[in-house]
Amino acid sequence: MTTPQLERLSTHCQRLRLHRVAAELSAMLEQAAKKDVSYADFLDDVLAREVEAKREKHQAMRVMMARFPFQKTLESFDWKFQPSIEPKVIKELASGRFIADGENVLLLGPPGVGKTHLAVALGMSACALGLRTSFTTAAGLITTLGKALYENRLEERLKVLTQPKLLIIDEIGYIPIDRQGANLFFQLVSRRYERGSILVTSNQSLGAWGEVFGDTVIASAILDRLLHHATTINIKGDSYRLKEKRRAGLLRPAATPASAE
């Protein structure tokens with residue numbers, strides 16, 4: 001039952017933007033009366049709930065602004081399927097210390113081994129730590145920079161891309177990058193060098209980046225800056241997607257070679 005006092009309290013909460021408290025006020029008052037808690041304990045509970053609500057809201061906003069292709073966490077990663085990955089190393093990265101130090105991360109390996117999952121999970125961890133994060137594919141990034149160059153807005157776009165504490169660039173090597181794209185990529189890496197962390201995933205070994213960027217000199221300059229302060233993780237193993245197809249019976253087992261007579 002709503003009383004005049006409860007209505008006033010609710011109005012105060014709305015004006016102060018204490019939305020979680022306003023929604024749960026009646027239940028909190030009933031619970032406090034039953035347990036006969038002190039004024040200080042009740043106020044502590046009220047403020048703690050509102051602080052948590054605002055933390056959740058801000059984290060959700062950071063995740064939305066990051067533009068992840070999906071939301072996955074380290075808890076959902078199948079460590080047993082990829083024994084080449086050391087969980088302790090990934091969990092250390094999830095602490096965010098590499099971001100605080102302006103260091104980079106390179107996740108290398110064939111398609112389907114979980115590089116993007118790990119990249120997104122580390123990005124989600126950064127968001128939970130209150131750090132601004134941005135996700136893009138390499139192809140999308142080059143297209144965006146190329147468009148900005150054409151529209152004479154490159155400087156403006158580079159400034160935007162240097163703002164996130166963590167910039168995730170996914171799928172380097174899947175599509176060849178022309179000389180202009182390589183130069184634009186180099187400018188971005190140079191802008192963020194020792195200022196903001198970059199996490200990249202690639203299906204190509206670092207030795208093949210000269211072919212990816214169409215220029216060994218530019219590729220070397222990019223790697224020089226990325227690797228100066230970086231953790232490089234080489235992932236070996238089978239594709240998760242192929243594993244799921246095998247489970248579903250969509251792939252035929254490899255043929256057994258005939259024995260020599």
Side-chain angles (χ1 to χ4, degrees), residues 1-77 79 87-105 107 116-136 159-170 192 194-199 229 231:
M1 180 178 178
T2 303
T3 65
Q5 184 183 46
L6 188 59
E7 289 180 356
R8 286 197 303 274
L9 289 172
S10 181
T11 299
H12 293 331
C13 288
Q14 294 295 342
R15 287 180 177 175
L16 292 172
R17 298 183 180 181
L18 304 177
H19 303 301
R20 172 70 64 84
V21 174
E24 301 177 0
L25 186 57
S26 296
M28 294 174 67
L29 288 169
E30 290 180 10
Q31 187 177 22
K34 289 178 182 179
K35 294 184 177 180
D36 193 25
V37 299
S38 67
Y39 296 132
D41 287 341
F42 179 71
L43 182 59
D44 183 33
D45 185 28
V46 167
L47 296 180
R49 293 195 190 200
E50 195 60 40
V51 167
E52 178 61 17
K54 284 181 167 48
R55 186 198 65 79
E56 292 173 356
K57 179 181 178 181
H58 292 159
Q59 181 178 343
M61 187 176 297
R62 284 189 292 271
V63 169
M64 179 187 69
M65 292 178 63
R67 298 182 181 275
F68 296 120
F70 48 75
Q71 294 185 24
K72 290 190 177 181
T73 64
L74 293 180
E75 287 72 25
S76 64
F77 190 79
W79 302 102
K88 289 182 179 179
V89 175
I90 302 297
K91 290 175 181 178
E92 165 60 24
L93 293 174
S95 72
R97 277 187 280 270
F98 82 96
I99 302 174
D101 295 336
E103 298 177 353
N104 304 315
V105 176
L107 301 177
T116 302
H117 182 149
L118 289 174
V120 170
L122 290 173
M124 295 280 288
S125 296
C127 288
L129 291 170
L131 302 174
R132 183 173 175 182
T133 303
S134 183
F135 182 101
T136 181
K159 285 182 180 179
V160 170
L161 289 169
T162 54
Q163 289 174 0
K165 290 293 185 180
L166 175 62
L167 176 64
I168 301 173
I169 306 173
D170 195 30
R192 292 189 60 88
E194 294 187 331
R195 297 180 183 177
S197 296
I198 297 177
L199 188 159
H229 305 290
T231 299

For [X], give me all partners under side chain to side chain donor-acceptor pair (under 3.5 Å), at least two apart in sequence or on another chain.
X     : answer
Gln59 : Arg55
Ser10 : none
Thr73 : Glu75

| request: Walk me through it: do His117 and Ser76 pass the test side-chain contact (heavy atoms from CB on, under 4.5 Å)? | output: CA-CA 9 Å; His117 182 149; Ser76 64; 3.3 Å; yes

| What closest approach, in Å, do Phe42 and Ala32 show between heavy atoms, and which atom pair accounts for it? |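 Shortest heavy-atom contact: CD1-CB, 3.5 Å.
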
| What pair of heavy atoms forms the shortest contact from Leu107 to Ala119, and how long is it? |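 Closest approach of Leu107 to Ala119: CD1-N, 4.0 Å.
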
| Over 12 foreign heavy atoms within 6.0 Å of CD, Gln5 | no

How long is the gap from [atom1] on [X] to [atom2] on [Y], to the nearest 0.5 Å?
X      : Y      : atom1 : atom2 : answer
Leu6   : Leu29  : CG    : CG    : 6.5 Å
Asp170 : Leu199 : CG    : CG    : 9.0 Å
Gln31  : Asp45  : CD    : CG    : 7.0 Å
Leu118 : Leu74  : CG    : CG    : 6.5 Å
Ser125 : Lys91  : OG    : NZ    : 11.0 Å
Leu129 : Leu131 : CG    : CG    : 5.5 Å

With sequence neighbours left out, write down each residue that passes salt bridge (charged side-chain N to carboxylate O under 4.0 Å, His left out) with [X], or none if nothing qualifies.
X      : result
Arg192 : none
Arg15  : none
Lys54  : Glu50
Arg17  : none

Contacts table for residues 159-168: side-chain donor-acceptor under 3.5 angstrom, sequence neighbours left out:
| from | atom 1 | to | atom 2 | distance (Å) |
| --- | --- | --- | --- | --- |
| Thr162 | OG1 | Leu158 | O | 3.3 |
| Thr162 | OG1 | Lys159 | O | 2.7 |
| Gln163 | OE1 | Arg132 | NH1 | 3.2 |

| task | May I have all residue pairs that pass salt bridge (charged side-chain N to carboxylate O under 4.0 Å, His left out) and include part of residues 18-28, sequence neighbours excluded? | result |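 Sorted result for residues 18-28: Arg20-Glu24, Arg20-Glu56, Glu24-Arg49.
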
| query | Taking only residues at least two apart or on different chains, which pairs with a member in residues 62-73 satisfy salt bridge (charged side-chain N to carboxylate O under 4.0 Å, His left out)? | reply | none

| field | Candidate pair Ile90 and Phe77, rule side-chain contact (heavy atoms from CB on, under 4.5 Å), full reasoning | value | CA-CA 11 Å; Ile90 302 297; Phe77 190 79; over 6 Å; no

| field | Working for side-chain contact (heavy atoms from CB on, under 4.5 Å), residues Phe68 and Thr133 | value | CA-CA 9 Å; Phe68 296 120; Thr133 303; 4.1 Å; yes

| query | Any side chain to side chain donor-acceptor pair (under 3.5 Å) pairs touching residues 32-42, not counting sequence neighbours? | reply | Ser38-Asp41

Review item, side-chain donor-acceptor pairs of residues 93-104, under 3.5 Å, at least two apart:
| from | atom 1 | to | atom 2 | distance (Å) |
| --- | --- | --- | --- | --- |
| Ser95 | OG | Glu92 | O | 2.5 |
| Ser95 | OG | Arg97 | N | 3.4 |
| Arg97 | NE | Glu92 | OE2 | 2.8 |
| Arg97 | NH2 | Glu92 | OE1 | 2.6 |
| Arg97 | NH2 | Glu92 | OE2 | 3.4 |
| Asn104 | OD1 | Ile198 | N | 2.9 |
| Asn104 | ND2 | Leu226 | O | 3.0 |

